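Presented below is the structure to which this report refers.
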Amino acid sequence: MTESKKNQATEETVLVTRGIIEKAIAGLQKSLQEKNNSKKNLLDTDLKYIVQVCLFKIPQGTGKLNRILLPHTLLDDTDEVCLLVKDLERGAKKDFNPTKDHFEEVLKLAGVTRINRVIPVNELKTDYGPFEAKLKLCQSFDVFLADSRIYNRVLPLLGKHFLKRKKLPLAVKMDCDDLNEDISKALRYTVYKQTNTGNTVSIDVGKHRMPEEEIADNIEALLNQLKSQLPGGLDNIRSLYLKPASDDPTSIPIYVNTSSGQDVEVPKVISQKEKILTKKRKIVNDVLEDVGFSAKGKIISKKFKKVKE
């Protein structure tokens, strides 16, 4: 490989250098601090930092929530975490308190300290069925986790509040060898919504209280995972900006692609629900292809050449 090709490969691999990322973080923090000095209480809350990704082409297909695993969690000791677990005994009239006691003991033995509340499926159905109750539950916790064994069952029970606020639960394996490690890993995910109605995506990557080095680590991890996760890959990125997740207009550019983007190929986004429905349709179609009708209208299999009438 020639020297020019080596340089080209390096440029294609690293979209944004570490130095540029660190300068953007320092610039954003300096700008926010100066505004805070002239306007009180601007930084009283633990302000989040987001990377705003502007795309050349809007992905086609249904919108969906995606997740990125970060090296450093965005949660702190004040954030509330809720764990949804399977029932020890299923049934609307069954007492769910023994289930709560059981899983609280499981968490204790595993050394898990980040779970603030355990809610069994039966309690979720009984106490959080009404619209307002679901909204209150959604607002009561910062993050929701769910036992992977009942993950698909709890999603329909939560409602649109959780989807809108990007609080759909993250799956954890309650029967894994190291439960504490699995939960700690789940709490390092940042969730964002990949829409099909606009060319801008906002992804949480840090908080104002975090060290600059940790925020930079998170941004590097984000860009590395967007290579495979973003429809069209890194080639579909028109620009990247580091911003506060607030009404403040401060915006620090960390990457701008001046090309037209016309040659970018963006595959259709297929949600998990669509994949499942497509698989089921294929099974049904395969069955129907093997089915015919006899002269008397009876359903028969086409595999048999002779049919007894």
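Everything numeric in this text was worked out from a predicted model, so none of it was measured.
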T250 versus D248, side-chain donor and acceptor atoms under 3.5 Å: yes
Short N-O contact, K125 and D87, less than 4.0 angstrom: no
K48 atom NZ, neighbour heavy-atom count above 12 within 6.0 Å: no
Test log, rule side-chain contact (heavy atoms from CB on, under 4.5 Å), inputs N218 and L74: CA-CA 10 Å; N218 285 352; L74 304 184; 3.9 Å; yes
From V266, N199, N257, residue fulfilling side-chain contact (heavy atoms from CB on, under 4.5 Å) relative to F56: N257
Euclidean distance, H102 NE2 relative to N97 CG, rounded to 0.5 Å: 14.5 Å
Flag if over 12 foreign heavy atoms under 6.0 Å of NZ, K86: no
Crowding at CD, E80 (>12 non-hydrogen neighbours, <6.0 Å): yes
Lys/Arg N to Asp/Glu carboxylate O, E104 vs K108, below 4.0 Å: no
Enclosure of D177 CG (heavy-atom neighbours >12, cutoff 6.0 Å): no
Short side-chain to backbone donor-acceptor contact, N116 and V81, under 3.5 Å: yes
Separation between CD of E220 and OG1 of T17, rounded to the nearest 0.5 Å: 9.0 Å
Derivation and outcome, side-chain contact (heavy atoms from CB on, under 4.5 Å), residues F141 and R117: CA-CA 9 Å; F141 297 92; R117 185 172 174 186; 3.7 Å; yes
CD (E105) with more than 12 external heavy atoms under 6.0 Å: yes
Candidate pair L55 and V53, rule side-chain contact (heavy atoms from CB on, under 4.5 Å), full reasoning: CA-CA 6 Å; L55 308 177; V53 185; 3.8 Å; yes
